[in-house]
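When reading the values below, keep in mind they use all heavy atoms of this one structure, side chains included, and skip hydrogens, waters and symmetry mates.
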Amino acid sequence: MESAMKSLQLSYGRCASSPLFFKDFYDNFFNSSPLIKQKFIDTDMDAQRGLLRHGLSHLIMYAGGSHAAEMKVDRLAHSHSKTQLDIQPWMYDYWIKALMTTVKMHDRKFDESLSAIWEGALKMGIEKMIKAH
Ligand code: HEM
């Protein structure tokens with residue numbers, strides 16, 4: 001049987017190579033709350049989709065134990081903290097929900113066990129980000 005980490009990487013690969021994955025993620029994320037949409041009012045969304053592609057891969061590598069990725073997640077935690085972007089802790093719940101909805105749309109192999117692996121892995125980095133707020 002594949003390890004959880006391997007399954008996650010393969011699932012992420014299927015999503016990241018699906019052309020509309022990052023666009024659909026932001027559509028789902030913005031539709032989940034007007035306060036979240038408001039945060040991106042001045043954002044160049046073409047650039048943002050590329051930044052998220054990297055950020056998400058760092059969260060996944062951090063869950064896999066990468067020290068280099070941990071430093072990237074620390075940097076993200078800082079940029080999203082109170083004195084910077086001021087991303088409220090509740091917004092991360094919406095972020096995960098929108099992400100899981102989007103993974104389900106783009107990964108034909110998505111199922112309950114894969115969903116649990118994704119959520120477990122992302123939680124590590126997200127808890128770090130929320131603590132730094
Ligand atoms: C910017 C990733 C969660 C709102 C960024 C950037 C990345 C990123 C890579 C580019 C700038 C930087 O490196 O700091 C992530 C990841 C998240 C996450 C991986 C998962 C935990 C959130 C949440 C919100 C949010 C929950 C809530 C609204 C923003 C905003 C920007 C930003 C407003 C700045 C956009 C701009 O430059 O106009 N994010 N983010 N992020 N993020 Fe996040």
Side-chain angles (χ1 to χ4, degrees):
M1 206 184 89
E2 270 166 12
S3 73
M5 215 41 226
K6 186 73 197 168
S7 304
L8 176 58
Q9 278 159 358
L10 291 172
S11 176
Y12 180 58
R14 289 187 293 273
C15 291
S17 62
S18 183
L20 295 179
F21 180 78
F22 292 97
K23 178 185 180 296
D24 286 344
F25 166 75
Y26 280 111
D27 287 346
N28 290 330
F29 193 35
F30 293 172
N31 284 334
S32 70
S33 157
L35 291 175
I36 285 172
K37 190 171 171 24
Q38 180 70 24
K39 280 277 184 194
F40 291 91
I41 197 121
D42 294 323
T43 301
D44 169 353
M45 289 311 298
D46 277 339
Q48 187 64 24
R49 285 190 280 271
L51 291 167
L52 181 64
R53 177 183 289 273
H54 290 289
L56 185 51
S57 70
H58 293 139
L59 278 190
I60 292 172
M61 289 187 285
Y62 171 56
S66 156
H67 179 64
E70 177 165 18
M71 298 198 307
K72 304 273 189 182
V73 175
D74 280 334
R75 216 173 293 167
L76 268 183
H78 176 70
S79 70
H80 287 63
S81 68
K82 199 171 286 168
T83 57
Q84 309 290 315
L85 291 167
D86 191 19
I87 303 307
Q88 303 291 312
W90 66 266
M91 293 179 169
Y92 290 93
D93 289 342
Y94 285 67
W95 191 93
I96 292 203
K97 281 206 188 84
L99 189 76
M100 297 320 296
T101 302
T102 318
V103 172
K104 192 174 183 176
M105 288 164 67
H106 289 268
D107 182 0
R108 66 190 187 289
K109 295 191 177 173
F110 188 82
D111 62 13
E112 284 301 308
S113 79
L114 201 47
S115 170
I117 292 171
W118 267 97
E119 292 201 32
L122 294 173
K123 216 187 222 170
M124 278 183 61
I126 287 180
E127 276 171 5
K128 201 182 216 321
M129 292 177 74
I130 290 176
K131 269 200 196 118
H133 183 255

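Sparse packing is recorded around NZ of K104, with 12 or fewer heavy atoms of other residues, nucleotides or ligands lying under 6.0 Å away. The local environment of CZ in R49 is crowded, with over 12 non-hydrogen atoms from other residues, nucleotides or ligands closer than 6.0 Å. The 12-atom threshold is not exceeded at NZ of K123, counting heavy atoms of other residues, nucleotides or ligands nearer than 6.0 Å.
Looking at residues two or more places apart in sequence or on another chain, you find no salt bridge (charged side-chain N to carboxylate O under 4.0 Å, His left out) involving K37. Residues passing the side-chain contact (heavy atoms from CB on, under 4.5 Å) test with L51 are Q48, sequence neighbours excluded.
M105 and L52 are assigned to two separate hydrophobic clusters, defined by single-linkage of ILVMFWY side chains at heavy-atom distances under 4.5 Å. Taking hydrophobic clusters as Ile, Leu, Val, Met, Phe, Trp and Tyr residues chained together by side-chain heavy-atom distances below 4.5 Å, M61 does not share a cluster with V73.
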Donor-acceptor pairs under 3.5 Å, side chain of residues 83-100 to any protein atom, not counting sequence neighbours: which ones?
| residue | atom | partner | partner atom | Å |
| --- | --- | --- | --- | --- |
| D86 | OD1 | Q88 | NE2 | 3.3 |
| D86 | OD1 | H133 | NE2 | 2.8 |

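Residues L114 and R14 come closest through the heavy atom pair CD2-NH2, 3.9 Å. The minimum heavy-atom distance linking K128 with D74 is given by the pair NZ-OD1, 2.7 Å. Here the shortest heavy-atom pairing between A121 and A63 reads O-CB, 3.5 Å.
Distance check: F40 CZ to Y26 OH gives 5.0 Å after rounding to the nearest 0.5 Å. Going from atom CG of L8 over to atom NZ of K6 covers 11.0 Å, rounded to the nearest 0.5 Å. In this structure, I60 CD1 and M5 CE are separated by 6.5 Å, a value rounded to the nearest 0.5 Å. The distance from atom NZ of K39 to atom CZ of F29, rounded to the nearest 0.5 Å, is 10.5 Å. To the nearest 0.5 Å, atoms CE (M71) and OG (S66) are separated by 8.5 Å. Considering CG of L10 and SG of C15, their distance stands at 11.0 Å, rounded to 0.5 Å.
Of the N and O atoms on the side chains of S11 and D107, at least one donor lies less than 3.5 Å from an acceptor on the other residue.
For R53 (side chain) and F22 (main-chain N/O), no donor-acceptor pair under 3.5 Å exists by modelled atom type. Between the side chain of S7 and the main chain of S3, a donor-acceptor pair closer than 3.5 Å is present.
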*Can Y62 and M124 be said to form a side-chain contact (heavy atoms from CB on, under 4.5 Å), step by step?*
CA-CA 8 Å; Y62 171 56; M124 278 183 61; 3.9 Å; yes
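Exactly one of D24, D27, N28 qualifies for a side-chain hydrogen bond (donor to acceptor under 3.5 Å, both in side chains) with T102. That residue is N28.
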